[in-house]
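Just so it is clear, the values below take in all heavy atoms, side chains as well, and ignore hydrogens, waters and symmetry mates. From a predicted model like this one, the values you see are computed outputs, not experimental measurements.
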Amino acid sequence: SDRLEGGISTPKTRASSPKHGKVDPDNKPHVGGNQWAGGTGGSDTAGLGGRGGPYRLDRGHPVHQVSEEMKQQVTEETKERARKMAAEALKKRLEDLDMGELDWQRYNSIRSQV
């Protein structure tokens, strides 16, 4: 699949400040940076294949992957900030969907069996 053939990415910046990132209104592919939401192989922003971002965000582009070694360079402090942002984003999304924590647990239970 073309989606899996993005290749290896070497981010241009270190991971230190998790964030959602800017939304590109043209949905162009962004690789290896730390500015755009939905990019791949970068640092700090929500996307795929990168490191230090708060959650996964798929904008439909080929995924460029950061090495496991580079992912291990992310500090525990940065990982904790990313986890907190992810939890806040999930809470907001569940509120938008009028779902509670129990609804989410039930959904995940059913989904894991598919």
Side-chain angles (χ1 to χ4, degrees):
S1 161
D2 289 342
R3 299 255 314 139
L4 300 176
E5 295 179 11
I8 302 298
S9 176
T10 302
K12 298 172 182 85
T13 62
R14 66 185 185 89
S16 61
S17 301
K19 60 189 174 222
H20 177 77
K22 295 180 186 177
V23 175
D24 182 345
D26 298 323
N27 194 30
K28 294 178 183 172
H30 296 279
V31 178
N34 77 334
Q35 182 174 18
W36 299 102
T40 70
S43 298
D44 293 334
T45 54
L48 298 176
R51 62 183 182 168
Y55 40 84
R56 296 171 57 90
L57 180 62
D58 187 349
R59 302 277 297 183
H61 302 293
V63 177
H64 293 76
Q65 188 68 47
V66 171
S67 72
E68 285 302 313
E69 179 183 351
M70 292 189 88
K71 288 181 181 185
Q72 291 173 4
Q73 295 172 1
V74 179
T75 66
E76 286 303 316
E77 179 183 344
T78 299
K79 290 177 188 176
E80 183 58 28
R81 282 197 305 262
R83 280 190 286 272
K84 285 181 181 177
M85 286 185 69
E88 290 169 10
L90 175 60
K91 181 180 178 188
K92 182 182 182 322
R93 183 66 178 138
L94 291 176
E95 288 171 0
D96 291 347
L97 295 171
D98 198 26
M99 287 177 69
E101 181 64 31
L102 185 57
D103 298 315
W104 176 243
Q105 289 172 7
R106 287 180 183 150
Y107 170 81
N108 276 329
S109 174
I110 293 167
R111 183 174 174 253
S112 69
Q113 297 174 23
V114 176

Are Ile8 and Val63 linked, directly or through other ILVMFWY residues, by side chains that come within less than 4.5 angstrom of each other? no
Take the angle between the ring planes of His30 and Trp36 and call it parallel below 30°, perpendicular above 60°, tilted in between. parallel
Hey, are the side chains of Met70 and Gln65 touching, using non-hydrogen atoms and a 4.5 Å cut-off? no
Just wondering, are more than 12 heavy atoms of other shown residues or ligands nearer than 6.0 Å to CZ in Arg83? yes
Crowded around Arg81 CZ? As in, over 12 foreign heavy atoms under 6.0 Å? yes
Evaluate the side-chain proximity of Thr78 to Pro18: yes if any heavy-atom separation is below 4.5 Å, no if none is. yes
Nearest non-hydrogen partners of Asp26 and Asp24, listed with the distance: N-OD1, 2.8 Å
Does His61 reach the side chain of Asn27, with side-chain heavy atoms less than 4.5 Å apart? yes
Of all heavy-atom pairs linking Ala86 and Pro54, the shortest is CB-O, 3.0 Å
Separation between CZ of Arg111 and CH2 of Trp104, rounded to the nearest 0.5 Å: 7.0 Å
Hey, what do you get for CG (Asp44) to CD (Gln35), rounding to the nearest 0.5 Å? 12.0 Å
Least distance between heavy atoms, Gly41 atom then Ser9 atom: O-OG, 2.6 Å
As an exercise, state the distance from OG1 of Thr45 to OH of Tyr55, rounded to the nearest 0.5 Å. 9.5 Å
Nearest-0.5 Å distance, CE of residue Met85 to OG of residue Ser17: 10.0 Å
Do the side chains of Pro11 and Val66 get nearer than 4.5 Å, heavy atoms only? yes
Does a sphere of radius 6.0 Å around CG in Asp98 hold more than 12 heavy atoms from other residues, nucleotides or ligands, not counting ones at 6.0 Å or beyond? no
Any side-chain heavy-atom pair of Val23 and Arg59 under 4.5 Å: yes
Are any non-hydrogen side-chain atoms of Lys79 and Arg51 less than 4.5 angstrom apart? no
What I'd like to find out is whether the side chain of Asn34 reaches to under 4.5 Å of the side chain of Lys19, using heavy atoms alone. yes
Partners passing side-chain contact (heavy atoms from CB on, under 4.5 Å) against Gln105 (at least two apart in sequence or in another chain): Glu101, Leu102
Do Glu95 and Lys91 come close enough that some side-chain heavy atom pair is under 4.5 Å? yes
Write down the atom of Leu94, the atom of Gly100, and the distance for their closest heavy-atom approach. CD1-O, 4.4 Å
